[in-house]
4 protein chains.
Amino acid sequence: MPKVSLLYKENTRDKILDSAKRLFEHKGYHETSMDDIVEASGLSKGAIYGYFDSKEALFESLQEKDYSELLQAAEKLLADEGSAKSKLERIADIYFLSHDSPSREQCRMSLQFSAASLSMRPVHGKVENQYVRIHALLTAILKEGIRNGEFKKGIDTDSIALVLFSTFKGLSVLWATTDTEIDWKSIRNALVKLTLDGISTDRK
Amino acid sequence: MPKVSLLYKENTRDKILDSAKRLFEHKGYHETSMDDIVEASGLSKGAIYGYFDSKEALFESLQEKDYSELLQAAEKLLADEGSAKSKLERIADIYFLSHDSPSREQCRMSLQFSAASLSMRPVHGKVENQYVRIHALLTAILKEGIRNGEFKKGIDTDSIALVLFSTFKGLSVLWATTDTEIDWKSIRNALVKLTLDGISTDRK
Amino acid sequence: MPKVSLLYKENTRDKILDSAKRLFEHKGYHETSMDDIVEASGLSKGAIYGYFDSKEALFESLQEKDYSELLQAAEKLLADEGSAKSKLERIADIYFLSHDSPSREQCRMSLQFSAASLSMRPVHGKVENQYVRIHALLTAILKEGIRNGEFKKGIDTDSIALVLFSTFKGLSVLWATTDTEIDWKSIRNALVKLTLDGISTDRK
Amino acid sequence: MPKVSLLYKENTRDKILDSAKRLFEHKGYHETSMDDIVEASGLSKGAIYGYFDSKEALFESLQEKDYSELLQAAEKLLADEGSAKSKLERIADIYFLSHDSPSREQCRMSLQFSAASLSMRPVHGKVENQYVRIHALLTAILKEGIRNGEFKKGIDTDSIALVLFSTFKGLSVLWATTDTEIDWKSIRNALVKLTLDGISTDRK
DNA sequence: GATGAATGAGATTTCATTCAT
DNA sequence: TATGAATGAAATCTCATTCAT
């Protein structure tokens, strides 16, 4: 009985989060009203405020989810077997939560978090933290690559990590704000080629 | 017929735009109220609405300014003398409107435009248009480099242009949302090295 | 599903309508602010906007009510038993919603609708529609009177209907705009006498 | 020189009044802004406030003009030669300022005065005063008719005067608020016939 | 006098949040 | 616990009027 009610609670909470996410992605945080969420979720005002203290808290929960999933997936990489090169490739995939290609919705949500980080302290904190950890992760991979001879010794790991992260971020923003279709296969190839050509030790 | 000079009106308009810009950069578009702008500009509500039809129109004017300046500077590059390589370097500088380094404020403003493009049609239009034109410009530079032998023949100009633009964009977003200090010298070097190593014909 | 009864909501709606009506009658539509209505109704701003989308919508609802009641009462006449003559008399009574005499308030409200019909399309539509239907009704009564021999054959039913309607309307405007006391008994008698003398077949 | 400047002043004043009138007739008093009048008149804000103390004062001036013209024309009738019957006919013509038919614009303006009389004391005063004087005039004509044997002795002059005035007013409101075309010839005939049949001594 | 930029009180409307039922 | 009507602070915008130039 507690189990059922817990499950029910989780479902309700998720229903709220899903509805809100869909709306935020589509119309943006400020343009979405609590009434919109009420309507979309099929729940009542009171119910929603039973699960979340405020609209901001709801937004932060969405960010928390997004943030944890991304970081968990990414940080699992480090422990994995495989070359540094393959890790770099896989982290790109993860960042875009790709099936085949990142969803525009996901990128729009991420853009919202970035924009909101200007005025919401906790959002800012997670944005910052995410950057720091992904940067550390990329740096670690690069260093691993240097250690095992895949990558050149002299490279500026810090800067390259930052450039890589920026490129992911930038592609995400572009994808979110633009109608252009992106050929993700080509992009990934171009990006990987550029990067690896620049840092790899092997001369093909 | 004007009782005050056009210059006077232009100054007042700029005073409004400047005040609004400072506030938008600092607190964000939605968190800034017209009352804030009234207070910051030292003018009255009526005066501001005499120059701009709405808060949105004011925001769009800021974007228009930003957009024109950026594009003009960038497109002037193409006509300039100089190697394709040097043009690529300079376009990076321009994108960040750098003195020494891009201003965080500028990047925050740009992030606002991206975020707003979700819900404001004219903003979206300009964001899209800007992307299209910068992409075209980068592609042109890359092709020029291929023509004059600086860059390799087989490179995917479209994708590389997109990656470059994304990296600029991503750095801008990072800079806007993060407290980290960025060592722009190193970043530029890393970026230029990565890119040029990958596409240049000269083997040092 | 409603947490409060429909009756409760209906009552609240009526409370708002009543308060607004009283104010509009007294000060006029434009001179009445939503704050006035808030104060008079004892509700909050939000509550009022929960029931009506705008001040204009509230005004239109008042017209709708007025309009339906009037037309229903009038059109019921046609089905009733009685001579055409008695129907004409009764329709005059109805038009002024009389107990003994039409209320000045009612007439002021009606004047507001007329004045607003210049700038509010839906209000205009109802004003127009009301005229058309009352005119049709009057014409029908006149024709009925002709058919059953009460009224002369040659009369211009269209014009007489229009004149009658105009006289009702004009009396209403006069009553609304003037401090003069009107002796409705005398007026009705004069009007009925004038009209019936002019159109009746019986020579007394 | 004083003459020219006086004439000029009159012209400017009239230009303002004309522009305002046209706008009030078309959009209504409240929906017309001083800016609208500025634009329509081609003058400046300051200029208009040089001639009129306020928007209300401007409106009242228009009423004053309307009011004087109407009353003067009407009151001249009494002194004229002619039967009481013909005077009644002519006063109908005057009330609608007819060329062939009353102008819808004129009627709309008149409706504005009626509506405004609810909230503008001086406007109310003139509306009231106009009614009193026209009523007196009509009564006088009716009594003249009785004296000279045109009209029956027993008629209720007060009530008939009021009914006549109301009918004029009502037709004016109808014409102002309705899209219907009115056949003024028929209406006048119907009205005159109804009235005169009812009050005349001659049995045709 | 004429001009029109500036004023600012006040209007309408929104919407996150509360709380009686 | 769930509901959704009610709240009211705060936002955007208007516009008659003023007054420095």
Side-chain angles (χ1 to χ4, degrees), chain A residues 5 8-9 12 30-39 43-59, chain B residues 1-5 8-9 11-13 16 30-38 41-58, chain C residues 1-5 8-9 11-13 16 30-38 41-58, chain D residues 5 8-9 12 29-39 42-59:
Chain A
S5 112
Y8 170 73
K9 216 167 171 174
T12 307
H30 285 99
E31 287 70 23
T32 299
S33 70
M34 286 305 260
D35 278 329
D36 290 337
I37 299 173
V38 164
E39 191 183 32
L43 294 167
S44 72
K45 278 256 172 93
I48 292 175
Y49 276 92
Y51 287 93
F52 301 96
D53 282 348
S54 66
K55 193 184 166 190
E56 251 185 63
L58 210 171
F59 186 67
Chain B
M1 184 141 337
K3 218 45 207 278
V4 298
S5 66
Y8 171 86
K9 284 190 76 171
N11 281 343
T12 308
R13 206 184 125 94
I16 297 168
H30 285 100
E31 288 71 22
T32 300
S33 71
M34 285 308 258
D35 277 331
D36 290 337
I37 300 173
V38 164
S41 66
L43 289 167
S44 68
K45 247 176 219 183
I48 291 173
Y49 278 93
Y51 286 90
F52 301 94
D53 282 349
S54 64
K55 191 183 164 190
E56 239 180 82
L58 179 42
Chain C
M1 184 141 335
K3 219 44 205 279
V4 298
S5 66
Y8 170 85
K9 284 191 77 171
N11 280 344
T12 308
R13 205 185 126 94
I16 298 168
H30 289 285
E31 287 71 21
T32 300
S33 70
M34 286 306 259
D35 277 330
D36 291 336
I37 299 173
V38 164
S41 66
L43 289 167
S44 70
K45 277 217 182 129
I48 292 173
Y49 277 94
Y51 286 90
F52 301 95
D53 281 348
S54 64
K55 192 183 162 191
E56 238 179 84
L58 179 42
Chain D
S5 112
Y8 169 75
K9 216 167 168 172
T12 307
Y29 174 76
H30 284 99
E31 286 71 22
T32 299
S33 69
M34 286 306 259
D35 278 330
D36 289 336
I37 299 173
V38 164
E39 191 183 31
L43 294 166
S44 71
K45 279 257 172 90
I48 291 175
Y49 276 91
Y51 287 94
F52 301 96
D53 282 349
S54 65
K55 192 184 167 189
E56 251 185 64
L58 209 172
F59 187 67

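All chains are named by letter (A, B, ...) in the order of the sequence lines, taking the proteins before the strands, and each is independently numbered beginning at 1.
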Expressed in angstrom and rounded to an integer, what is the separation of [X] atom [atom1] from [N] atom [atom2]?
X	N	atom1	atom2	value
C:His30	F:dT14	NE2	P	16 Å
A:Glu31	F:dA11	CD	P	16 Å
D:Ile37	F:dT17	CD1	P	10 Å
C:Asn11	F:dA5	CG	P	14 Å
D:Met34	F:dT18	CE	P	10 Å

Dot-bracket encoding of pairs in DNA chain F, which uses [ ] for pseudoknotted crossings and | for another strand, Watson-Crick or G-U under 3.5 angstrom
.||||||||||||||||||||
For DNA chain E, find the residues of residues 48-56 of chain C with a heavy-atom distance under 4.0 Å and give them by number; none if there aren't any.
C:Tyr49, C:Ser54, C:Lys55
Under the side chain to side chain donor-acceptor pair (under 3.5 Å) test, which residues partner [X], sequence neighbours left out?
X	answer
A:Glu31	B:His30, B:Ser119
A:Asp35	A:Lys45
C:Ser44	none
D:Ser54	none

Search all heavy atoms of A:Val38 against all heavy atoms of A:Leu43 and return the closest pair with its distance.
CG1-O, 3.1 Å
Within the modelled atom types, does a donor on one side and an acceptor on the other bring the side chain of C:Lys45 and the base of F:dT7 under 3.5 Å apart?
no
With nearest nucleotides of DNA chain E determined for C:Asp35 and A:Ser33 from heavy-atom distances, which residue corresponds to the more 5′ nucleotide?
C:Asp35
Looking at F:dA5, E:dA11, E:dA6, which one has an atom nearest to any side-chain atom of B:Tyr8?
E:dA6
Test of understanding: with side-chain contact (heavy atoms from CB on, under 4.5 Å), list the residues that count as partners of D:Tyr49, not counting sequence neighbours.
D:Met34
side-chain contact (heavy atoms from CB on, under 4.5 Å) involving B:Thr32 - partner list, sequence neighbours excluded:
B:Leu23, B:Phe24, B:Lys27, B:Asp36, B:Ile37
Which value, rounded to the nearest 0.5 Å, describes the distance between C:Arg13 atom CZ and C:Phe52 atom CZ?
4.0 Å
Of all residues at least two apart in sequence or in a different chain, which pass the salt bridge (charged side-chain N to carboxylate O under 4.0 Å, His left out) check with B:Lys55?
none
